[in-house]
Each structure stands twice: as C-alpha cells, then as structure tokens.
Amino acid sequence: MKHLSERDKKHLWHPLTQHKLHAEMLAIVKAKGAVLYDEAGHEYIDGIASWYTAMYGHCNEVILERVYAQMQQLDQVVFSGFTHEPAISLSEELIKILPSNQQKLFFSDNGSTATEIGIKMALQYHFNKEHDRKVMLAFEDGFHGDTFGAMSVSGLSVYNGPFEDFFIAVERIPVPTKDNIETILTTLNNRLKQNDIAGFIYEPLVQGAAAMKMHDAQGLDRILALLQQHDVITIADEVMTGFGKTGRFFASDYLENKPDVICLSKALTAGLLPMAITTCTQKVYDAFYSDDIAKGLFHGHTYTANPLACTAALAALQLLQSTEIQENIAEVIASHKTFDAAIKDHPKVATTRQCGVIYALDLDVKMERYGNLRDRLFKHFMDDGVFLRPLGNTIYILAPYTITKVQLEKIYASIKAVLEIV
Ligand SMILES: *Cc1c(COP(=O)(O)O)cnc(C)c1O
C-alpha cells in the first residue's frame, strides 16, 4: 500500500535531498487541524506546523471559505498597473499590527524572495542616493533563504560550495550576548567609518535554521541603534518569527529600535498558498520615489499579490487577532513552560530555551555523529505518530496554535521517551 511513494521516485526531485541516500518519501494524503495523514492511514501530529506555516491548523474552515468565495470573484491579475481589493485590504490590516514605522508593502512569493527584495531595497536605497555602499552585514549562522542574495547573507553552509564565488559582498557579526556585545559594538563602530555598509539583515530573537538559537533583545537593540545612526538599512527577517510565534505579533515588537524593512512569509498565508511581503518605512520608499524612472524598484513576480493568497492572509490576520487564537497561544506558551520544568534537569538534556510558542532543547550526546542521531530521532518520533524535524542534537516544537492539549501531551511524551533511549 505504498502506491504514491513508488510513483514519486520516477520523476520527482525533492528539495534539500540527496536522493541516493534518502530515496523514500512519505506520501501525505490529507491534513486537518494539527494532524497529517499518510497513504497507509497513519496519523502524525504536525509538531512544526509544516515549516511554521499552518499556525491556525491545516485546512482551516474560516480560511478555506474566504478563499473559496474569492475564487468565484477574481483569481489572478497582473499587479503592475492594476490593483485589487484583497491586496488593498491586506495592506490596511497588516499596517495596523506592524511596527508603526512600516508604511509600504511589496509583494512576492516566498521567504527567499522577501529577503532578496529587502537586500535590493537596501542596496538600491544607497545607489539612488549616490552613496558608494555595496556591503551587506549579517549575523553568523543566519538563514535567509536559497536564492543568490538570500544565500549570500545566510551563514556559510557546507552545501553552498558551488555558489560561493558568485555571492554578493557580505560581512558577518556574531549574535550578541552579554559577554560579546561591547566588542561587537566597538568593532562595528570602527568598521562603519569606511561608509560602505548598505544594510544589515537579521532574524530577530530566534534563528530558526540555526536550530532555534535565541538571543535577547537588549544586545540587538544596541546594534540596531548604532547601525541606524549610520544610515545602514536594517532588515528584520521575520519570515519565521512573524505572526505571533514569539508571543507578540512580531519579534520586532520586543525591540526599541524598529527595522527599516521587514520580511514576511510562512504563516502570512496560514500554510494555504505561497506568498511573501517585504514592508518598509517611508524613508526607504522615498529614496525610490522620483521623476527618474530608473530609481524605481524594478522587481516583480508573475503572481505578485495573488488575490487568493491575499485573501488567505486576510483571514489569517483576523484569526491571529481573535480572542480564541490569542488564548491558544497563551496556553501553548504555558504548557511548554510546564514541560520545560519537568525535563530541563534530565541528564540527557544539555540546555533548553523558549520564545513564545517556540520551544527547543539540546540533547547532551556529544560523541555521536549528528547525521545519524538526527535520523534515529526522526524515526522515533514518526513511529510515535509525531512529526518533528530535529536539527543536529536539537529537538524543537513549533506546533500550530490550535493544537489540542492531548496532541501536545503526545509530543511531550514522545520527547520524554527519546531521553530514555539516546
Ligand atoms: C524559511 C525562511 C526563509 C526562506 O523562506 P522560503 O519560503 O523557504 O524561501 C527565509 N528566512 C527565514 C528566517 C526563514 O525561516
């Protein structure tokens, strides 16, 4: 009964996959709420909300109904020269909850393009002002996507070898801690004298792909303040952290210094359709506003501001701000805290961390080779009916806000069981 998995092998090439080493794909036939169903009828709790997208549960009726209605009205139209109600409403609703300095929205299709556009905004902002600034600044171990600009500003990956010669100019700084912040600021202060840094891109508070590495707001705030004094365009990549995951609407809400640009995707459309938005301040927008056509931002994707995706995003925004979802978020946060208290002193647990509904723990298993460990952990969870994707020795949970208590307990129990066998 593995019909789809067999057919898959013939023509499909999967992302982030070495097919010779990992030939088997699990065929998922249905998703509802926090549960995925495979073709053999097994159920898995989606402990990572399908890469942090389906935060209101899969196939959420509220979202489906709104999108279905929109489908009868307007499916797709060019967004250059034309506009439409779903995009306009979305801009109005999103601006209400974004940091108050954000004024303009630029649409694209995914997290990588959202950051790519943020980078272009920073580079062209200075180009338009005739500043000679061509270097981007980024955190070590950051992740911003897989297109060239996004890949360039991401922390160096062992998989980037074939492309590194083609990267844009990027310099990296460490994520701030209480111990290194003074050094970072001194070094930066000196570096900024060369006047060639165009922008700084960062994942605020939580670095997702770096295994949910967390830093606090104070150090980042001081870095942002210094960079903004020097007219460096600050770009918050909130593709992962956006829309409630940190306990507030955006991670940037914890910071005094608001970014010039914000990148959004993933939960933006609640896991229904791919879309992204790069927002910016009036200051950034004004640098492109000119009688000279060439000063415009000449970037555009075919499906820019797709009306269906905008409608899904509007429904998601309404859900996010509902009392019910806000209560769900508070419950998940409290529940993770209780779980953390119960396991943080376990001999197999090295460290734990939490930011909003994002919970991570590092296993204390230093001698093991991570690759093999990761595969064993993954299999353990799947056999338990729990879908988690451990990163190295880190196990993390980022489940839909709507996950039930029983489902959450099942994830916790499976993690507890893992601690007894590693
Ligand atoms: C996922 C992610 C991206 C890339 O988004 P895609 O939609 O996969 O291109 C960029 N930045 C962050 C922080 C992400 O988590």
Side-chain angles (χ1 to χ4, degrees), residues 14-17 46-55 106-122 136-157 159-160 163 167-168 170 172 175 199-215 220 234-246 249-252 254-255 259 261-279 299 301-304 306 309 312-313 316 355-358 360 389 391 394 396-399:
H14 288 264
L16 312 173
T17 302
D46 189 352
I48 63 160
S50 290
W51 269 336
Y52 340 133
T53 57
M55 298 309 293
F106 195 99
F107 286 92
S108 65
D109 307 330
N110 58 70
S112 305
T113 54
T115 58
E116 200 81 29
I117 289 160
I119 295 164
K120 281 191 172 183
M121 282 179 178
M136 290 297 298
L137 197 65
F139 276 147
E140 289 165 2
D141 303 327
F143 177 73
H144 303 289
D146 287 340
T147 52
F148 270 88
M151 200 171 33
S152 305
V153 291
S154 297
L156 291 178
S157 156
Y159 307 115
N160 282 345
F163 315 114
F167 283 2
I168 59 173
V170 177
R172 294 181 176 80
V175 168
F200 169 54
I201 187 164
Y202 59 99
E203 291 163 273
L205 305 193
V206 189
Q207 294 182 294
M212 300 297 161
K213 222 166 117 185
M214 297 178 190
H215 54 272
L220 177 56
T234 53
I235 306 166
D237 179 354
E238 296 232 22
V239 169
M240 194 280 285
T241 51
F243 303 103
K245 291 177 192 126
T246 62
F249 290 144
F250 301 97
S252 294
Y254 289 91
L255 291 138
V261 173
I262 302 181
C263 307
L264 303 167
S265 188
K266 292 203 164 113
L268 168 67
T269 48
L272 189 69
L273 290 159
M275 189 171 74
I277 298 178
T278 309
T279 72
H299 184 114
H301 299 284
T302 311
Y303 279 97
T304 294
N306 170 260
C355 180
V357 305
I358 308 167
R389 279 178 63 97
L391 290 162
T394 303
Y396 71 91
I397 312 172
L398 213 182

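Counting starts at 1 for both ligands and their atoms, following the listed order. Note that the coordinates shown come from a computational prediction; the quantities given were computed from them, not determined experimentally.
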Between the side chain of [X] and the main-chain N/O of [Y], is any donor-acceptor distance below 3.5 Å?
X: T278; Y: A114; result: yes
X: T53; Y: A49; result: yes
X: S265; Y: M275; result: yes
X: S50; Y: A54; result: no

**OP:** Measure the CD-OG1 distance between E203 and T115 for me, rounded to the nearest 0.5 Å.
**Re:**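 One finds 10.0 Å between CD of E203 and OG1 of T115.
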Original post:
Rounded to the nearest 0.5 Å, how far does CD1 of I119 lie from OG1 of T113?
Top reply: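 Answer for the OG1-CD1 pair, T113 versus I119, is 11.0 Å.
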Which ligand 1 atoms, with their elements, are less than 4.0 angstrom from a heavy-atom of [X]?
X: N110; answer: 7 (O), 9 (O)
X: G111; answer: 4 (C), 5 (O), 6 (P), 7 (O), 9 (O)
X: E203; answer: 13 (C)

Nearest-contact summary for [atom] - protein heavy atom, Å:
atom: atom 8 (O) of ligand 1; answer: S112 OG, 4.5 Å
atom: atom 14 (C) of ligand 1; answer: K266 NZ, 2.9 Å
atom: atom 11 (N) of ligand 1; answer: D237 OD2, 2.7 Å

Original post:
Judging by distance only, is a nitrogen or oxygen of Y52 under 3.5 angstrom from one on ligand 1?
Top reply: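 Between Y52 and ligand 1, no N or O pair is found under 3.5 Å apart.
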**OP:** Give yes or no for whether the N/O distance cutoff of 3.5 Å, strictly under, is met between V239 and ligand 1.
**Re:**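 For ligand 1, there is no N or O atom that lies under 3.5 Å from one belonging to V239.
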Subject >> Region of H144 engaging ligand 1 - heavy atom pairs below 4.0 Å >> reply: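 The part of H144 near ligand 1 is the backbone, not the side chain.
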Original post:
Which part of W51 is near ligand 1, with near meaning a heavy atom under 4.0 Å away: side chain, backbone, both or neither?
Top reply: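 Neither; nothing of W51 gets under 4.0 Å from ligand 1.
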Original post:
Which is it for F243 and L264 under the side-chain contact (heavy atoms from CB on, under 4.5 Å) test, yes or no, and what are the steps along the way?
Top reply: CA-CA 9 Å; F243 303 103; L264 303 167; 4.0 Å; yes
